Amino acid sequence: MRGYYKFKNEPLPDFTNKNERKKMKKAIEKVRKEFGTLYSIVIGGIPFESDKTFYSINPNKPSEIIGEFFVANKDHIDTAVDVAKDALKKWRNKSLEERAEHLFRLAKVLKKKKYEISALMVLEVGKNWLEAVADINELIDFCNFYGKEAVRLSKTKPRDMETEEIDFRYEPIGVGAIIAPWNFPSAILGGMTTAAIVMGNAVLMKPASDAPATAYAFFKALNEAGIPLGVVNYITGSGGITGNAILEHDEIKFIAFTGSRDVGKKIYEKIAKPGKRHFKVVPLLEMGGKDGIIVAEDADLNLALEEVIKSAFGYQGQKCSACSRLIVEKSVYDKFLEMLVDATKKIKVGPVEFYENYMGAVINKKAEEKILRYIEIGKKEGKLLTGGKKVKDLEGYVIEPTIFADVDPDARIAQEEIFGPVLAVIKAENFEDAIRIMNNTEYGLTASVFTTDKKKIEKAANEIDVGNLYFNRKCTGALVYYHPFGGRNMSGIYKKAGGFDTLVNFSAPKSIGIRKGTYKNSEKQRNIYK
Ligand code: NAP
C-alpha cells in the first residue's frame with residue numbers, strides 16, 4: 001500500500017464494560033425523547049416544507065415513529081441549486097487546507113455525538129450496538145482521512161519547465177448531489193458528502209427515505225462544525241420524486257451515488273445524456289454485491305467459522321459486502337457445514353436496542369417480503385439447514401438467520417442480491433473450481449478466502465475478480481485508509497471510497513502554463529506557487 005502518512009482508525013468501544021453499556025443505554029433514552037418530530041428540508045439554513053410527507057420508523061418496532069419528513073419537489077431542487085451556487089462562490093475560494101480544517105473540526109463534533117448518533121441508527125435502521133458505532137466511526141475516519149488527503153493534494157508540486165511556469169490545481173466541479181442508501185446512513189452519506197465539500201463543491205444531500213433522521217443528525221453536526229450554510233443542503237424525499245428531480249436538473253454537475261444495482265444503472269443511463277453546457281460526472285457509483293467466501297480444505301476452520309458468521313449475518317446480511325455465497329471444498333464441506341449450522345442456531349435474535357441481541361429486524365416490510373420470497377425460492381433450489389422463517393413472536397421485521405446447502409452455482413439464490421440473512425452454500429470440487437464459482441457472478445465487490453497455503457493465496461489474489469479481496473478474515477468491515485472500498489462489473493465503476501484517488505474524482509483538475517518572461521516589468525517571474 002502506498003502509505004503517505006500514518007492513519008489511526010477510530011477505535012470501537014468495549015461494550016463488555018458496564019460503563020460503556022450505560023452510555024449507550026442513556027443515549028437510546030435521549031434520542032427517543034425527540035421521536036415524532038417533523039423535520040424540514042433545509043436549504044441555505046432556511047427550513048422549507050412541501051405538501052407531502054413521509055415517516056421514518058423503527059424496523060424492530062414498526063409502531064414507533066422516529067420522525068416525519070417532507071418530500072422535496074422540483075421547486076425545492078431549483079432553489080437548492082441556486083443557493084448552493086451562491087454558497088460555492090466563497091467556499092471554492094478557501095484553500096484545501098482551510099477546508100480540511102473544517103473536516104477535522106467535524107470529526108471532533110461527531111466524536112462528541114458518537115453515542116447519540118449510534119443510538120439513532122440502532123432505532124432507525126436496526127443496527128446492533130457495535131455495528132452502529134462502527135458506522136459512525138467510519139464517518140469520523142472519512143472526515144480525518146479526507147482532511148489529510150486534501151492537505152496532501154494541496155502540496156502537489158508543479159513540474160519544472162524551462163520555458164513556462166507550471167501550476168496544477170484541484171478546482172471544484174461545482175454543485176453536485178449525494179444520493180445515499182440507508183444501510184450505512186452515517187458512513188456512506190457522510191463519506192460522500194465530506195469528499196465532495198472538502199474539494200470545494202457544494203451539494204444537495206439526499207438521504208435514503210429509511211434513514212432521514214440519522215442524516216439530519218449528521219447535517220446538524222456539519223452546522224456545528226462551522227461548514228457555511230448552503231454548502232450542504234438537506235433534501236429529503238423519495239427516489240422517484242426528489243431523486244428524479246435532482247437527476248433532471250441541468251446545473252447539477254455531478255452525482256455521487258451508492259445504492260442498488262438497478263437504481264445505479266438507471267442513474268448512469270439517465271445522466272449519460274449531456275446537459276446544455278456540460279456532461280454530468282459520477283465521482284462514485286457504488287452498487288450491490290453477491291459476495292463470496294471460499295473455505296479451502298487446508299483452512300483454519302474455527303477461524304473461518306467465526307468470520308463467516310460475521311460476514312453473512314452481521315447487520316442481518318444487509319451490507320453490500322455481506323457474504324451470501326459460501327464456497328467450500330468438498331473434503332471439508334460436511335464438517336464445516338455442521339459447525340456452521342450449530343453456531344448459527346446460537347445467534348441471539350431480537351430487538352437490537354438490547355445489547356445482547358446480535359441480529360434484529362431487516363429494514364422494512366418490503367425488504368422482509370422480498371427476503372421471504374427468496375427463502376421460498378431457496379427451498380426449491382437447495383436444502384434448508386436452518387432458519388427459513390419470520391420470527392413470529394416479535395413485532396419487527398425479523399427473519400431467522402437462514403442457510404441453504406447444496407446450492408447450484410447458477411441458482412437464483414447464488415446469483416441475485418437478496419440483502420438479508422440468507423446464505424447459499426456451494427460445494428466445490430477443488431480450489432480451482434472454488435475460484436471459478438466465485439467469479440461466476442455479474443457482481444464484483446468483495447470476497448474472502450480461508451487458506452493457509454501461500455500458493456493458493458497468490459492464485460486467488462490474481463484470479464478473483466472483485467474490488468476488495470481479503471484472506472483469513474471477514475469480507476465485510478473495510479477500514480478507511482487501509483481498504484479503499486469499491487467494486488467492479490455490476491458492483492461499481494472501479495472507483496474507491498476512502499482511498500488515495502477518491503478526492504481527485506470529486507475535483508476538476510486544472511493545468512496552467514505561463515510563458516516565462518511574460519511579466520515584462522518584473523525582473524524575475526512571479527512565483528505563482530507561493
Ligand atoms: P436504493 O434503493 O438503490 O436507494 C439508494 C438511494 O437512491 C436512496 O436514497 C433512494 O431514495 C435513491 N433512489 C431510488 N430511486 C431513485 C431514482 N429513480 N432516482 C434517484 N434516486 C433514487 O438502495 P438502498 O435500498 O437504499 O440500499 C441498499 C443497496 O445499496 C444494496 O443493493 C446494497 O448492496 C447497496 N450498497 C452498496 C454499497 C457499495 O459501497 N457498493 C454500499 C452500501 C449499499 P429512497 O430511499 O427515497 O428510495
Side-chain angles (χ1 to χ4, degrees), residues 52 54-56 59 69-72 77 124-125 127 135 138 142 177-193 204-212 214-215 235-249 252 255-271 280 282 284-291 315-324 362-364 366-367 370-371 416-420 442-446 466-468 475-478 480 483-499 502:
K52 215 174 162 166
F54 64 101
Y55 295 102
S56 168
F69 300 83
F70 289 103
V71 177
I77 304 306
E124 187 173 46
V125 297
K127 295 208 163 201
D135 194 324
E138 190 176 345
F142 275 132
I178 308 297
I179 302 183
W182 50 264
N183 72 330
F184 280 87
S186 295
I188 293 182
L189 177 83
M192 293 194 290
T193 302
L204 279 62
M205 181 176 85
K206 191 209 111 39
S209 298
D210 284 304
T214 305
I235 309 289
T236 44
S238 67
I241 298 174
T242 313
N244 209 42
I246 288 174
L247 299 182
E248 292 202 333
H249 199 294
I252 291 182
I255 308 278
F257 170 80
T258 304
S260 62
R261 179 203 56 184
D262 290 351
V263 174
K265 259 167 87 171
K266 260 192 228 158
I267 291 181
Y268 203 62
E269 264 169 27
K270 184 150 198 163
I271 67 175
K280 281 193 192 343
V282 189
L284 280 174
L285 191 82
E286 303 287 0
M287 293 165 292
K290 192 70 195 173
D291 314 295
Y315 191 30
Q316 295 78 263
Q318 300 175 114
K319 297 182 189 177
C320 53
S321 54
C323 169
S324 55
V362 298
I363 190 68
N364 56 32
K366 216 168 128 200
K370 176 182 163 192
I371 297 162
E416 296 171 20
E417 190 185 46
I418 302 171
F419 223 55
E442 65 178 9
Y443 292 105
L445 191 51
T446 77
V466 295
N468 282 67
C475 60
T476 53
V480 170
H483 313 117
F485 191 78
R488 49 182 70 181
N489 304 329
M490 294 312 279
S491 291
I493 52 171
Y494 309 98
K495 296 187 175 172
K496 295 285 192 184
T502 306

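Heads up: numbering here begins at 1 and tracks the sequence. In listed order, ligands and their atoms are each counted from 1. Since this is a predicted model, take the numbers as computed values, not measurements. Computed from heavy atoms alone, side chains included, the values below leave out hydrogens, waters and symmetry copies.
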Any Ala367 heavy atom less than 4.0 Å to ligand 1: no
For atom 12 (C) of ligand 1, the protein heavy atom that lies nearest, with its residue and separation: Ile179 CG2, 3.6 Å
Any donor-acceptor N/O pair, Thr446 side chain to Ser321 backbone, under 3.5 Å: yes
Per-residue contact class, Leu247 against ligand 1 - non-hydrogen pairs under 4.0 Å: side chain
Atoms of ligand 1 close to Ser209 [distance to a heavy atom under 4.0 angstrom, numbered from 1]: 45 (P), 46 (O), 47 (O)
Side-chain donor/acceptor of Glu138 to backbone N/O of Ala187, under 3.5 Å: no
Non-hydrogen atom of Gly492 closer than 4.0 Å to ligand 1: no
Ligand 1 contact on Phe257 by region, counting heavy-atom pairs under 4.0 Å: side chain
Within reach of ligand 1, part of Thr258 (heavy-atom separation under 4.0 Å): both
Heavy-atom nearest neighbour in the protein, as seen from atom 42 (C) of ligand 1, with distance rounded to 0.1 Å: Cys320 SG, 3.1 Å
Sequence-distant partners of Phe54, ring pair (Phe, Tyr, Trp, His ring centres under 6.0 Å), two or more places apart: Phe69
Lys495 side-chain N/O to Leu285 backbone N/O, donor-acceptor pair under 3.5 Å: no
Nearest-contact summary for atom 26 (O) of ligand 1 - protein heavy atom, Å: Trp182 CD1, 3.1 Å
Where ligand 1 meets Ile188 - atom numbers and elements under 4.0 angstrom, heavy-atom basis: 42 (C), 43 (C)
Over 12 non-hydrogen atoms of neighbours within 6.0 angstrom of NZ in Lys366: no
Top protein contact for atom 34 (O) of ligand 1, by heavy-atom distance: Glu417 OE2, 2.6 Å
Residue Gly237 vicinity, atoms of ligand 1 by number, heavy atom under 4.0 Å: 47 (O)
For atom 6 (C) of ligand 1, the option (of Ala177, Gly259, Ala180, Gly243) bearing the nearest heavy atom: Ala180
Ligand 1-proximal atoms of Gln318, by part, heavy-atom distance under 4.0 Å: neither
Close side-chain approach of Thr242 to Ile77, heavy-atom, < 4.5 Å: yes
Nearest non-hydrogen protein atom, atom 44 (C) of ligand 1: Asn183 OD1, 3.3 Å
Residues Lys496 and Asn468: side-chain donor-acceptor under 3.5 angstrom: yes
Candidate pair Lys266 and Asp262, rule side-chain contact (heavy atoms from CB on, under 4.5 Å), full reasoning: CA-CA 6 Å; Lys266 260 192 228 158; Asp262 290 351; 5.8 Å; no
Evaluation steps, salt bridge (charged side-chain N to carboxylate O under 4.0 Å, His left out), between Glu248 and Lys270: CA-CA 8 Å; Glu248 292 202 333; Lys270 184 150 198 163; 2.9 Å; yes
Residue part near ligand 1, for Asp262, under 4.0 Å between non-hydrogen atoms: neither
Under 3.5 Å: donor-acceptor pair, side chain of Lys127, backbone of Asn183: yes
Side chain, backbone, both or neither: Leu445 near ligand 1, heavy atoms under 4.0 Å: side chain
Glu417 side chain vs Gly289 backbone, donor-acceptor pair below 3.5 Å: yes
Aromatic Phe257 / basic Lys206 pairing, under 6.0 angstrom, 45° off normal: no
Pairs where residues 484-494 contributes a residue and the test side chain to side chain donor-acceptor pair (under 3.5 Å) is met, not counting sequence neighbours: Asp465-Arg488, Asp465-Asn489
Ligand 1 atoms in contact with Phe485 (distance to a heavy atom under 4.0 Å): 39 (C), 40 (O)
Phe419 heavy atom under 4.0 Å from ligand 1: yes
Sub-4.0 Å protein heavy atom next to atom 4 (O) of ligand 1: no
From the candidates Pro185, Ser260, Gly288, Gly289, the one that places a heavy atom nearest atom 2 (O) of ligand 1: Ser260
Shortest protein contact, atom 27 (O) of ligand 1 (heavy atom only): Pro181 CB, 3.3 Å
Over all atoms of both residues, closest heavy-atom pair of Ile252 and Ala177: CG2-N, 3.9 Å
Which residue and heavy atom of the protein sit nearest atom 19 (N) of ligand 1, plus the separation: Gly239 O, 3.5 Å
Under 3.5 Å: donor-acceptor pair, side chain of Thr236, backbone of Phe70: yes
Nearest-contact summary for atom 41 (N) of ligand 1 - protein heavy atom, Å: Met287 O, 2.6 Å
Close-contact set for ligand 1 against Ser238 heavy atoms, below 4.0 Å: 47 (O)
